[in-house]
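Accompanying notes for the structure given below.
Keep in mind that this is a model prediction, so the values were computed, not measured.
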Amino acid sequence: MGRVTIITGEMDAGKTTELIRLYSELPAGTADGFASIKAFSKQGAFEGYDLKRLATGTTAPFIRLSKDDEVPHQQESFGFDRFTFLREPLAATEDVIRDIISDPAIRTILLDEIGPVELQGNGFCSALKSLLESEKDLYLCINRKNLDPVAKKFGIVTYRLVVVEDQTFLSQ
């Protein structure tokens, strides 16, 4: 396992913004990863999250608010809390993460966000295990309330902690 940096804070504190800022400070061509970017309708209503690949800027729909009148198709998606997770972009992301791990030019991988879905064995659970087995340095966004359970489940014992509080970034 390479060095692990965990970016933590409450919901909407700015963890993703900090992840993207830290990515931008890394030498070009040496880092890659994914950020979960809030998605809004044309009218400005929150719809869920898109997955953005940091090295290319490409985005794909990833998580959407579940609709009361819709039952998710189990082959295409799965539900968690008030969200529906789309399986296709998740699988594509896992494929890309495997490619990134095998790329010798990439030394640092960033992933947003690890939490209760992964604690249940879904979402980025498999990708995170592969990342932790690699020698790559990792930046992970984890909500403060999920930090200890995630660290315990995935055996993350030693890490640098970056605490984000209301868009104010404090490094520890």
Contacts of type side chain to side chain donor-acceptor pair (under 3.5 Å), residue Glu10, not counting sequence neighbours: Arg144

All side chain to side chain donor-acceptor pair (under 3.5 Å) counterparts of Thr58, not counting sequence neighbours: Thr56

Residues in ring-ring contact (aromatic ring centres under 6.0 Å, His included) contact with Tyr159, at least two apart in sequence or another chain: none

Residue pair Thr84 / Ser77, side-chain donor-acceptor N/O under 3.5 Å: no

Glu118 (side chain) donor-acceptor with Gly115 (main chain) under 3.5 angstrom: yes

Thr8 (side chain) donor-acceptor with Ile142 (main chain) under 3.5 angstrom: yes

[X] versus [Y], closest heavy-atom pair with distance:
| X | Y | answer |
| --- | --- | --- |
| Gly123 | Val117 | N-CG1, 3.5 Å |
| Ile101 | Ser134 | CG2-CB, 3.8 Å |
| Phe83 | Ser66 | C-OG, 3.1 Å |

What distance separates [X] [atom1] from [Y] [atom2], expressed to the nearest 0.5 Å?
| X | Y | atom1 | atom2 | value |
| --- | --- | --- | --- | --- |
| Leu86 | Ile63 | CG | CD1 | 8.5 Å |
| Phe124 | Phe34 | CZ | CZ | 7.5 Å |
| Ile114 | Ile6 | CD1 | CD1 | 10.0 Å |
| Lys52 | Leu19 | NZ | CG | 10.5 Å |
| Leu110 | Leu131 | CG | CG | 10.0 Å |
| Cys141 | Ile20 | SG | CD1 | 8.5 Å |

Sidechain N-carboxylate O distance under 4.0 Å for Lys15, Glu18: no

NZ/NE/NH1/NH2 to OD/OE distance under 4.0 Å, Lys136 and Asp32: no

For Lys129, all residues meeting side-chain contact (heavy atoms from CB on, under 4.5 Å), sequence neighbours excluded: Cys125, Phe154

Any residue meeting side-chain contact (heavy atoms from CB on, under 4.5 Å) with Glu133, in chain and number order, not counting sequence neighbours: none

Verdict with supporting geometry, Thr5 and Leu140, side-chain contact (heavy atoms from CB on, under 4.5 Å): CA-CA 6 Å; Thr5 300; Leu140 305 172; over 6 Å; no

Leu111-Met11 co-clustered via ILVMFWY side chain contacts under 4.5 Å: no

Pairs meeting criterion side chain to side chain donor-acceptor pair (under 3.5 Å) with involvement of residues 93-117, two or more places apart: Thr16-Asp112, Asp95-Arg98

Trace of the side-chain contact (heavy atoms from CB on, under 4.5 Å) decision for Ser41 with Glu47: CA-CA 6 Å; Ser41 69; Glu47 291 187 327; 3.2 Å; yes

Side-chain touch Leu22/Ile7, heavy atoms, less than 4.5 angstrom: yes

Residue pair Asp50, Arg64: steps toward the salt bridge (Lys or Arg N to Asp or Glu O under 4.0 Å) verdict: CA-CA 9 Å; Asp50 290 341; Arg64 290 298 179 256; 2.5 Å; yes

Trace of the side-chain contact (heavy atoms from CB on, under 4.5 Å) decision for Thr59 with Leu51: CA-CA 5 Å; Thr59 61; Leu51 207 51; over 6 Å; no

Phe85 and Phe78 aromatic ring geometry - parallel, tilted or perpendicular at 30°/60° bounds: parallel

